[in-house]
2 protein chains.
Amino acid sequence: MSKLSRKEEIKNCAARLFRKKGFAATSVRDIAKEMGMEAPSLYNHISSKQEILDELLLEIGEAFVEGMDQIRTAPISSIQKLERLVGLHVSLTIEHTDAISLIPSEYVHLEGKAEQQYFKLREQYEKELRKIFRACIKEKAINEVNVDLAMFSMLSSLRWLYSWYSKNKKINSIALEQEMIKNLIDGIRVN
Amino acid sequence: MSKLSRKEEIKNCAARLFRKKGFAATSVRDIAKEMGMEAPSLYNHISSKQEILDELLLEIGEAFVEGMDQIRTAPISSIQKLERLVGLHVSLTIEHTDAISLIPSEYVHLEGKAEQQYFKLREQYEKELRKIFRACIKEKAINEVNVDLAMFSMLSSLRWLYSWYSKNKKINSIALEQEMIKNLIDGIRVN
DNA sequence: GTCTATAAGTCGATAGAC
DNA sequence: GTCTATCGACTTATAGAC
């Protein structure tokens, strides 16, 4: 683990607070207190509170798109891609638990250019995921489901995995991936 | 549809705004503006901004617990209870889309007594759901999954259904229920 | 039941000393 | 790079006229 810059420390600290109370309800003074300094001192490292949220969400968004790109170009079947995608969510959840937690709710506080970039990343990700789902159906690997609904349903579970993981950190990354593949792709009903 | 009291109008209005910007980022002035009145006038109908959130979340929480109670005491198999539970989420999502949207993220802004009541309702609901899952396993209707993880995974999808539904309102309630049962219980993989 | 005026506090951010 | 002091805007909520 490389030494964190002061700015990275602040961002990690802020991510933890944003997760707990939300971006809007977390003050710059709260972040400073958690860092053990006075609020104005933060501004030697950041330019605004908004910048912290922007960078946290864009970095995690880029990580998802990069992961998706590797999966997209891998020489494997579509259903294997879908399984690897579950693994991507599990890995990023374990590595960036606090930042991941901001995705479902705090993106609404993005503004201007950062907001545009974020939505672009999200669209890109969802577009590729939709392609994988359609290919799975074409290859008769998954049933003829309503693609958007099934995709949204799967993403919802994966986006909230951080919540379960925070209370169950002892689980092995690979075991968690396997269990989620069973839950989300195979289903739970005995057949 | 019965005529709404002024307070109910305000709560519906606030729910829509809380959903869009979050509770903390929505000001009393925002709510007043949406209602076509000045901010202080709201206080003839409500006692505080906090009260609005408290009531919105407690009412929807009570609706879930009541629905769960009917399912719990119904003379049906455990797996049928699980399926009816999906239906309960679908129904409440369609009837109270905005209020439902507050559950995943805005509960963190509850305080004091309302916070306690809300957590009590949530625990009650999750406890009953856990029982249903365990009974399903015992009856060999679902596989021997990690109960908490499978339960959380299912709930995450159901809690975020409002988001998909908002963009796809034309779907039939029963069709949506059937599709979600397939996604969440049967799985999507061809077998 | 709605308004204007305003209290009392918090917000993000800056100026400038050290 | 950290601090104290502070600005100006915004916050929830109340007082009191109509």
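Naming: A, B, ... by sequence-line order, numbering from 1 per chain. Values reported hereafter were calculated over all heavy atoms of this structure, with side chains retained and with hydrogens, waters and symmetry mates removed.
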### Query
Which of residues 47-57 of chain A sit near DNA chain C, with a heavy atom under 4.0 Å from it?
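Contacts with DNA chain C under 4.0 Å: A:Ser48, A:Lys49.
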### Query
Contacts to DNA chain C from residues 9-29 of chain A, heavy-atom cutoff under 4.0 Å, which residues?
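A:Thr26, A:Ser27, A:Val28, A:Arg29 - these, ordered by number, are the residues of the stretch whose heavy atoms sit under 4.0 Å from the strand.
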Partner residues of [X] under the salt bridge (Lys or Arg N to Asp or Glu O under 4.0 Å) criterion, sequence neighbours left out:
X       : result
A:Glu83 : B:Arg189
A:Glu66 : none
B:Lys33 : none

### Query
Which residue pairs pass the ring-ring contact (aromatic ring centres under 6.0 Å, His included) test with at least one member in residues 36-56 of chain A, sequence neighbours excluded?
none
### Task
Can you run down the ring-ring contact (aromatic ring centres under 6.0 Å, His included) pairs that involve residues 172-191 of chain A, sequence neighbours left out, and say none if there aren't any?
none
### Query
Choosing from C:dA5, C:dT14, C:dG1, which nucleotide comes nearest the side chain of A:Pro40?
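Closest of the options to the side chain of A:Pro40: C:dT14.
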### Query
Of the candidate nucleotides D:dC3, C:dT14, D:dT14, which contains the atom at the shortest distance from the side chain of A:Glu38?
D:dC3
Round to the nearest Å and state the distance from [X] atom [atom1] to [N] atom [atom2].
X       : N      : atom1 : atom2 : result
B:Ile46 : C:dG1  : CD1   : C1'   : 14 Å
B:Arg6  : C:dG1  : CZ    : C1'   : 9 Å
B:Tyr43 : D:dA15 : OH    : C1'   : 14 Å
A:Lys33 : D:dC3  : NZ    : P     : 14 Å
B:Lys7  : C:dG1  : NZ    : C1'   : 16 Å
A:His45 : C:dA13 : NE2   : C1'   : 15 Å
A:Ile31 : C:dG12 : CD1   : P     : 8 Å

### Query
In chain order, what residues pass the ring pair (Phe, Tyr, Trp, His ring centres under 6.0 Å) check against A:Tyr125, with sequence neighbours excluded?
A:Phe64, A:His89
### Task
Just jot down the ring pair (Phe, Tyr, Trp, His ring centres under 6.0 Å) partners of A:Phe23, sequence neighbours excluded, or say none.
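A:Phe23 satisfies ring pair (Phe, Tyr, Trp, His ring centres under 6.0 Å) with A:Phe18, A:His109 once adjacent residues are dropped.
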#### Entry: Electrostatic pair A:Arg19:A:Glu106 at N-O distance under 4.0 angstrom
no
### Query
Should the pair B:Glu123-B:Lys120 be classified as a salt bridge under the 4.0 Å nitrogen-to-oxygen rule?
no
### Distance test, side-chain N/O of A:Ser41 to OP1/OP2 of D:dC3, below 4.0 Å
yes
### salt bridge (Lys or Arg N to Asp or Glu O under 4.0 Å): pairs with one or both residues in residues 87-97 of chain A, sequence neighbours excluded
none
### Residue list, side-chain contact (heavy atoms from CB on, under 4.5 Å) with A:Asp54, at least two apart or on another chain
A:Gln50, A:Leu110, A:Ala114
Report each atom pair, protein N/O against N/O of nucleotides 16-18 of chain D, whose distance is under 3.5 angstrom.
none

